[in-house]
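To start, the structure itself, in structure tokens.
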Amino acid sequence: MTSPFRTAEGGRIDRATTLEFTFDGQTHTGHPGDTLASALLAAGRHQIATSIALGRPRGVAAAWAEDPGGLVQVEEPFPEPMLLATTVELSDGLVAHGLPGQGRLAEVADSARYDGVHHHVDVLVVGAGPAGLAAALTAARSGARVALVDEQSEAGGSLLGGADRLDDAPAMRWVAAAVAELAAHPEVLHLQRTTAFGSYDDGFVLALERRTDHLGTAAPKQVSRQRVWRLRARSVVVATGAHERPVVFADNDRPGTMLAGAARTFLHRYGVLPGRQAVVFTTNDSAYDAALDLHGAGVRVEAVVDARPAGSPQRREACERAGIPVLPGAVVVGTRGVERVTHALVAPFADGEVGAASPIACDLLLVSGGWNPAVHLFSQARGRLVYDETLGAFLPGEELDGLSVTGAAAGVLDLAGCLVDGQRVARAALSALAVEPAGEDRLPTAPEEVVPAAPLVLWRVPDTSGAEGTTSFVDLQRDATVADIARAVGAGLRSIEHIKRYTTIGTAHDQGKTSGVLTSGITAELLGVPVQDTGTTTFRPPYTPVAFAALAGRDRGRLFDPERVTALHDWHVVAGAVFEDVGQWKRPRYYPRPGEDMAAAVLRECAAARTGVGILDGSTLGKIDVQGPDAAVLLDRLYTNMISSLKVGSVRYGVMCGVDGMVIDDGTVLRLAEDRFLLLTTTGGAAKILDWMEEWAQTEWPDLRVHCTSVTEQWVTFPVVGPRSRDVIGAVFPQVDVSNEAFPFMTWRDTILDGVPVRLARISFSGELAFEVYVNPWYGVAVWERLLEAGRPHGITPYGTETMHVLRAEKGYPIIGQDTDGTVTPHDLGMAWAVSKKKPDFIGKRSFARPANQDPLRKQLVGLLPVDGQTVLPEGSQIVDFLADGRLPPPPVPMLGHVTSSYRSAELARPFALALVKGGRSRIGDTLHVPVDGALVPVEVTGSVLVDPEGARRDG
Amino acid sequence: MQLIECPWCGPREEVEFSYGGQAHVPYPDTPGELTDEEWARYVFFRDNTRGRFAERWHHSAGCRRWFNAIRDTATYRFERVYRLDEPRPVTP
Amino acid sequence: MAELLRTHPLMAWSRAFERLPEPVGITVEPFVATADVRLASVGAAASEALGVDLPTVPNTWVPTGTGRAVWLGPDEWLLSSTTETPEQLEARIRAAVLPLGGSATDVSAQRIGLRLTGARVRDVLAKGCSIDLHPRVFARGSSAQTSLGQAGVVLMALSDAGDDYVVLVRSSFAGYLADWLLDAALEFTTTHDS
């Protein structure tokens, strides 16, 4: 395909290189520097897609992110929905097609990389147009740390799409020199293709850098495709320019209808004629530049239709010289054409009244209704906007600490003014940071500009088409019209936020960049109130859409959530463990032998621990070293039971509650010395309990001389469990007398193994004779293997968390967080024995006396035995009771509680469960029912201790 | 991402901190002597101020120290931070 | 019996670290005896007893004769020693600070250390660390407890050029952080044509 609309020369494209791409199945060519939109326009194609609701043809209507028309889906190099043709940089092999408003997510995983970077600067300048470049140069010259980010592929901003001159040369030469100078400053970070999309507290700005998108399939794989810059600036300078505003008229959505400034950009930046025969409709002087530039490039400009009664006296002469007819006091009231505009319907316009229309043939209709400063970042930073009657636009209405706005974004619309303003704002920012500006800080000289004629604020042209505003589009992406706003106002809506939601204006992909202010203006007109009173809807990040993948950055796949592992992890992997997630930890759940499923493996592991010896990697248990003369005082206040009476060398089980009396954690306490304890917490509770202890120690009792230190990773912990555990421990640690008399239950002993200190503790979480082995994890694998070796004659069996759960549940030991849910007291768990009656106070004590905690119908932990001896009750199942007649109560059936733990027991040769049941202990012996898969399974309520209730086994 | 000034570490991103609710709510000296209602007030009730509010914060991902702050609940702005051993500042 | 062999959590990563080019060098620090020291106030008595002046400026570290002393909090430090076993160090420090109302806990295995050297390691760290690492701000002697990626770390600057750091990380997070660092360093490890 040829590019008939490509100019013979000019533009910032690399004509020596040709890129081939496919759009809607047709192959086209373009050049580096093109966007998908400019290359399509060069091929003569305006229509991109059809609209979401009405199916009307839509085309390229602007040259960048404000375009409401050119929505595409990219298929190659990687499927990506909802991009604008105007912002997709052309790459070789690009495949895309137009989208009627909704895209399609990729069905394969995105193989691209994404990342984020934190960067700190004194001054962040957003926008590398004339004002931004001037500001960045001033800041950089001072030696300050500066970042300049700009969303385009190259610096220049509005200068890219114009023919301005600076210092008697093309302005882009000054841009090139400025960029080179910035590159020479070591403390300047200059990023193009980087959109500052959100402005947050304390100078925090998020910016998306598109690092490799423009390289297409040639993008290097090890470089992130997109990067989110997390910029922290002491001062932010917003130089984001302005968006041209359309005027609404009937059938203003036909492809070929385009903002006037965009046409200039396509001509000057991309070397593309957006048409051959143009009508220019304007309310201000800026569109005359488009008319004259296009005329100069060979476009036949049929008319400049100027809504102002006197037009532009300043610009009339230039048009006359060029032979361009100017029609002052006239408007475009409509268009003809289907897939492309064929005529503009032009009518006289005076005092808001429209006269008879006559058609002017054209294939390009340029529109300018003025300029909306891009105040998004200022408004996101909670800056107040004020309506400017002259510009018909909202401007920053206050000074913000650490954030200033300059250039067109602040309503300065002339080149010389932008340069001066950029420098002024940067100097003010430096001054606020107490940074001295450089002595040499020259601005380029801009040619003197004629003061433009005052613009006319015109939101819409009265609809004379008979369509009553239903084809006068305000938001092209939402197919929302003047009629829709009128209907919203007619329905009684007054707030612009409500009108937005009623009409959906501004809620599409472009977030109302062209439609937002129009809606404010039209609404104000319909309500008969000042535009300032209507205001704007809230500007929210992101300024332009950001892919979730970019926000996720590096936190994907295996880095999505840290995987914590113990020193034994590699051993577990080799042993074929199946892992489960416990918080962030990876713990072996069971170690299947060939042909075993989980049930079989767990039955085998349980049997080993109950009849021989098993070994568990319990290193994930939280461990806290508590030291100081007042250590026992703190622990007495935090545990429900008495800790201060614990003897050195002994171990005690303890429970902690919140001030509300509900159990928050449990574990064992080893008294290492008069002034030193080692606390074991649950795996999941480790961080929370350290926080809890430090909170009380620091905020309530700073007088206590006590320190808490996490030592979770300082010790691996291996419970060696079962009747044969004494043999194994005795063999590995011959210096320790492992007899019951010398080493009784709930005591600990220190020993040395080949010069390495080891701590042994008689703690049992299974009811069996058991020893816990603590050693520095540097030696963890070596000690584990010693234990396995010594245990081999006894059939030592490594077991995982599933077996651990079965063993503890058979003994009725609750897991805090599984068998409890934050509404369970120690008494509910049947642990009144762990609640001290001697201590005058401890955290939670007072709450036990509250009436609600005395209620005999509180849920209590009990055991459940399915009467059929077969069913493994699903955890979480509800528990119900029958009426005296043996039938269910009428709905809603009262729920008595739920199953908290449920397993198959090798020891009991049947499944069993733990459950929280209302008044559970008083129901022991009763039969209740648990709905499972639509059937009611009868269960017998039992005590929670199902194995060895006498505790005969713990001493072997 | 707001910055919060840790009295020791200086400004850090808010995600390094955790919130500890209203400051200057001491644990009662003798909870056993309180009525149920008085105890419930301590356990469950806190002010819900619009404007300046004295709060507890914890630099949990940093130096792990608790401190207090006067923060405006309407603007989120931290007006000042102070250590636990410093008195509550007098605010206008 | 044979001597108990030590294993390091990052043994499996050593080859990947060795392959890294000079600008993004990562090496695993040897195991070192380390104690967490708590002391309400630091003065001449503490210096005398410990044989080192604990740094009192927040977020700093100082070299000691045989290791490092790192500020962790207004009453908390990490003190390492390359010449003592963990239990020797804990016993010595505990004996020294107990009379001063302090405490000491062996945390030698609680964290592992990674040394990051090279011209681009600051860029690697900046991908996951929100504090300002510019040498003007974070020069030799600076330290911070903060987050790197999603792991809590103690970060120390060893040079004034932003090209030499030590990262201490909880041992259980070591593999995660090693993976994270390798991923973050990837773009500096190969040329674009590979």
Side-chain angles (χ1 to χ4, degrees), chain A residues 116 118 120 198-206 228 230-234 381-382 400-402 541 637-638 657-662 687-688 690-704 707-710 837 839-854, chain B residues 1-5 7-8 10-46 54-61 63-68 71-72 74-78 82-86:
Chain A
H118 297 266
H120 299 253
S199 166
Y200 305 86
D201 297 290
D202 298 319
F204 192 61
V205 173
L206 292 181
V228 173
R230 306 171 74 83
L231 301 162
R232 180 74 67 177
R234 298 168 71 201
R382 302 194 195 108
L400 294 182
D401 279 348
R637 292 183 188 177
L638 294 178
C657 291
V659 287
D660 58 0
M662 303 303 157
K688 186 180 68 180
L690 180 67
D691 286 351
W692 176 250
M693 296 176 69
E694 288 188 335
E695 178 180 341
W696 286 98
Q698 289 184 36
T699 67
E700 282 297 336
W701 306 312
D703 51 314
L704 291 186
H707 297 119
C708 306
T709 307
S710 169
K837 295 187 175 59
K839 292 194 285 184
D841 191 33
F842 55 84
I843 298 300
K845 179 180 169 81
R846 174 63 185 84
S847 286
F848 295 149
R850 299 182 70 232
N853 288 338
Q854 305 288 325
Chain B
M1 181 71 74
Q2 227 176 332
L3 294 177
I4 296 175
E5 180 103 11
W8 289 277
R12 294 284 185 94
E13 289 199 342
E14 64 187 82
V15 289
E16 290 198 3
F17 298 83
S18 47
Y19 182 61
Q22 184 171 1
H24 311 293
V25 182
Y27 186 75
D29 288 334
T30 47
E33 293 169 16
L34 300 186
T35 65
D36 281 345
E37 190 184 331
E38 286 167 337
W39 177 246
R41 292 227 152 256
Y42 167 72
V43 176
F44 300 113
F45 286 70
R46 294 295 183 270
E55 304 172 329
R56 307 186 313 154
W57 285 84
H58 184 220
H59 191 190
S60 37
C63 67
R64 302 194 51 80
R65 263 55 194 177
W66 283 89
F67 58 92
N68 290 331
R71 190 180 64 106
D72 189 316
T75 64
Y76 301 163
R77 190 164 300 281
F78 280 75
Y82 54 105
R83 299 183 343 197
L84 298 177
D85 56 2
E86 293 176 315

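None of the values given here were measured: they were computed from a predicted structure. Quick note on labels: first sequence line is chain A, next is B, and so on, each numbered from 1.
With a threshold of 4.5 angstrom between heavy atoms, A:E700 approaches chain B through side-chain atoms but not through N, CA, C or O. For A:D660, the parts lying near chain B are the backbone and the side chain together; criterion is any non-hydrogen pair under 4.5 Å. Of the two parts of B:L3, the backbone and the side chain both hold a non-hydrogen atom closer than 4.5 Å to a non-hydrogen atom of chain A. No part of A:F848 comes within reach of chain B, as not one of its non-hydrogen atoms sits under 4.5 angstrom from that chain. Interface residue B:T75: only backbone heavy atoms are found under 4.5 Å from chain A. The contact between B:W66 and chain A is made by backbone and side chain atoms together, counting heavy-atom distances below 4.5 Å. For a residue to count as touching a neighbouring chain, one of its non-hydrogen atoms must lie under 4.5 Å from one of that chain's; by this rule A:L206 does not touch chain B. Contacts of B:R65 with chain A are made by both backbone and side-chain atoms, with heavy-atom separations under 4.5 Å.
Judged by a 6.0 Å distance limit and a 45° cone about the ring axis, A:R637 is positioned over the six-membered ring of A:W701.
In this pair, B:H59 and B:F17 present their aromatic rings parallel. The plane angle is below 30°, not in the 30 to 60° band.
Here B:P26 is the residue among B:P28, B:G32, B:P26, B:A40 with the most heavy-atom pairs under 4.5 Å with chain A.
Counted within 6.0 Å of CD on A:Q854, heavy atoms from surrounding residues, nucleotides or ligands total more than 12; the atom is thus considered enclosed. Surrounding CZ of B:R46 are more than 12 heavy atoms belonging to other residues, nucleotides or ligands, all under 6.0 Å away.
Closest approach of A:P541 and A:G198 over heavy atoms only: CB-CA, 3.9 Å.
When ring centroids are compared, B:W8 and B:F67 stay outside the 6.0 Å threshold.
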*asked:* Evaluate B:D36 against A:R846 for salt bridge (Lys or Arg N to Asp or Glu O under 4.0 Å), listing each step before the verdict.
replied: CA-CA 9 Å; B:D36 281 345; A:R846 174 63 185 84; 2.7 Å; yes
